[in-house]
Amino acid sequence: MTLNRRASLISLAALLAAAPALAQDRSAQAPRVHDRTLVLDAHVDLPAPYDWNGAAAPAPTGQDDASIDLLRAGGVDAAIVSVFVPQGPRTPEAYARARAEADAKLDAILALASNNPGRVEIARTPRDVRRIAGAGRTAIVVGLLNVYPFGEDVGEIARLHARGVRVLGFTHAGNNAFADSSRPQPRDQAGEHGGLSPLGRAAVAEANRLGILLDVSQLSTPALLQTVALSRAPVIASHSGVRGRVDSPRNLTDEELDAIRAKGGVVGVVAFSSYLRATPPEVQAQIREIRARYGAVNGYEGLTAEQRQAMGRETQALQPRATVSEFVDSIDYAIRRIGVDHVAIASDFNHGGGVEGWRNAGEARAVTAELLRRGYSNADIAKLWSGNVLRVLGQAQALAAQS
């Protein structure tokens with residue numbers, strides 16, 4: 001063996017031996033890197049109760065894993081906080097109840113700012129987010145997940161945009177009049193609309209006109225691909241997993257990931273355990289038994305808020321909780337597939353999100369530490385935490401201004 005060859009092998013061995021220490025050293029930089037990064041959680045829900053039953057303006061009860069205090073403690077500068085109403089029957093009476101509930105939840109989100117002057121502000125543009133965060137306040141971008149409360153009225157999009165909604169997702173669990181869900185309910189006809197209905201297609205155009213960022217999480221594959229194709233602006237999948245790691249209908253296929261990237265969009269990988277770690281068949285059977293015991297047929301429909309919360313506690317207790325490492329495994333997969341410019345980070349707190357190590361917003365620095373440990377640069381971490389989301393929101397708004 002030549003002297004140069006021996007020296008090269010010694011150098012390589014030294015580097016390999018030093019690698020764990022280098023990774024540990026980078027992880028130790030996490031608090032400083034995190035606190036210098038504009039941190040935005042791409043999808044958060046209001047706390048329980050899950051269904052407010054159309055009450056006028058109830059105060060949320062239960063644990064809030066993304067309270068303003070926890071966001072501040074975790075160095076989270078901004079969050080997309082979602083107005084969410086679960087799917088129900090398509091009747092005028094049910095639509096009216098759902099609309100009242102959506103308005104009450106939107107009121108509650110807006111009240112976070114009005115009740116916390118100097119600490120919280122509603123952001124309507126990426127510039128707002130940066131300004132608010134730069135002033136040491138929490139920026140809230142208002143989203144809406146599931147257009148079921150719209151009934152069959154596309155005009156609701158403009159009404160809610162005027163009230164501050166800037167991100168719009170078509171479905172949750174169950175088809176509605178606008179689109180097919182990736183998780184149709186038993187009462188649904190699978191593939192009812194073949195993707196988007198005519199209302200859904202009109203809604204894409206209306207969202208583009210207003211500069212609302214379209215959220216394709218929860219859509220069936222045909223509906224997602226149609227939304228991406230029809231939209232003039234990039235889209236976001238604000239809280240999705242990747243099917244290349246866990247085979248769940250809520251997770252995105254490689255085809256869907258590629259389509260979102262091709263449109264210039266972003267995938268918010270979600271810290272939801274069952275989308276990061278496969279649920280064993282025996283646990284799936286136990287969950288079905290629990291749902292049957294409560295009489296849950298079409299989602300949570302027909303159950304009281306108390307029953308929904310109780311059933312949720314039972315089923316979630318059975319789910320094996322993923323770790324921050326497994327969460328970042330899915331981020332790694334998405335980045336390898338579509339590139340770091342098209343991936344973001346989402347918790348889905350208050351609706352089942354949270355993993356060991358990132359159980360609430362106060363523990364967000366653990367995600368940054370794991371990214372650093374794996375060798376991600378500060379610039380890449382800034383893209384994942386906020387840069388990519390703010391870019392696509394800005395592009396949606398810029399394209400609207402040009403039309």
Side-chain angles (χ1 to χ4, degrees), residues 45 48-54 82-99 101-102 105 144-152 168-200 203 215-224 226-227 237-241 243 247-253 256 270 272 274-275 279 283-305 307-312 314-316 318-319 348 351-352:
D45 281 294
Y50 180 88
D51 182 354
W52 292 12
N53 296 315
S82 188
V83 174
F84 164 69
V85 178
Q87 188 64 35
R90 294 186 224 169
T91 65
E93 298 78 16
Y95 284 147
R97 287 194 299 271
R99 185 170 301 184
E101 183 177 331
K105 289 180 173 178
L144 185 141
L145 178 66
N146 193 16
V147 298
Y148 169 62
F150 294 2
E152 299 178 13
L168 180 69
F170 283 132
T171 63
H172 187 249
N175 300 344
N176 57 38
F178 287 72
D180 294 333
S181 168
S182 62
R183 295 177 296 164
Q185 299 286 15
R187 66 158 166 250
D188 292 333
Q189 174 189 343
E192 171 185 356
H193 303 298
L196 296 176
S197 71
L199 279 172
D215 185 352
V216 296
S217 285
Q218 309 270 3
L219 286 172
S220 70
T221 295
L224 183 150
Q226 290 164 19
T227 301
S238 71
H239 58 303
S240 290
R243 206 172 300 185
D247 187 13
S248 165
R250 265 289 282 116
N251 287 351
L252 300 176
T253 65
E256 291 170 319
V270 67
F272 197 107
S274 60
Y275 308 144
T279 304
V283 173
Q284 294 179 28
Q286 289 176 282
I287 291 172
R288 287 193 295 270
E289 290 171 4
I290 291 170
R291 292 183 60 82
R293 171 158 47 85
Y294 278 88
V297 179
N298 291 299
Y300 291 86
E301 197 174 311
L303 304 184
T304 65
Q307 288 173 321
R308 293 177 184 211
Q309 288 179 272
M311 186 177 75
E314 286 194 51
T315 56
Q316 287 180 27
L318 293 171
Q319 295 277 6
D348 206 6
H351 203 124

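All heavy atoms count here, side chains included; hydrogens, waters and symmetry mates do not. These numbers were taken from a predicted model, which means no experiment stands behind them. Throughout, residue positions are numbered sequentially from 1 according to the sequence presented.
A pairwise comparison of heavy atoms in D247 and R243 identifies OD1-CD, 3.3 Å as the closest pair. The two atoms that bring N251 and G241 nearest to each other are OD1-CA, 3.1 Å, heavy atoms only. Taking both residues in full, the closest heavy atoms of A94 and P89 are given as CB-O, 3.3 Å, listed atom of the first, atom of the second, then distance. Residue D45 comes nearest to S82 through the heavy atom pair OD1-CB, 3.9 Å, listed as atom of the first residue, atom of the second, then distance.
No side-chain heavy atom of V270 sits less than 4.5 Å from a side-chain heavy atom of S240.
Under the 3.5 Å distance criterion, the side-chain polar atoms of N298 are left unmatched by any main-chain donor or acceptor of G88. Side chain of S220 to backbone of G195: no donor-acceptor contact under 3.5 angstrom is found. One N or O on the side chain of S182 and one on the backbone of Q218 form a donor-acceptor pair closer than 3.5 Å. Of the possible polar contacts, none joining the E152 side chain to the R90 backbone as a donor-acceptor pair under 3.5 Å is found. At distances below 3.5 Å, not a single donor-acceptor pair connects side-chain atoms of R183 with backbone N or O atoms of G174. Side chain of Q307 to backbone of T304: a donor-acceptor contact under 3.5 angstrom is found. Side-chain atoms of N176 do not come within 3.5 Å of backbone N or O of Q87 as any donor-acceptor pair. Looking at N146, its side chain never comes within 3.5 Å of a backbone N or O of P149 through a donor-acceptor pair. Counting only distance, with no hydrogens or angles, the side chain of N175 and the backbone of P184 share no donor-acceptor pair below 3.5 Å. Without hydrogens or angle criteria, T315 side chain to I287 main chain gives no donor-acceptor distance under 3.5 Å.
Ring geometry for F178 against F170 counts as parallel: the plane angle stays under 30°, on a 0 to 90° scale with 60° as the upper cut.
Atom CD of Q286 is separated from atom CZ of R288 by 10.5 Å, given to the nearest 0.5 angstrom.
Ion pairing between E101 and K105 holds under the 4.0 Å rule for side-chain N and carboxylate O.
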Practice prompt. Verify side-chain contact (heavy atoms from CB on, under 4.5 Å) between Y294 and E314, making sure each step is shown before the conclusion.
Written response: CA-CA 11 Å; Y294 278 88; E314 286 194 51; 2.6 Å; yes

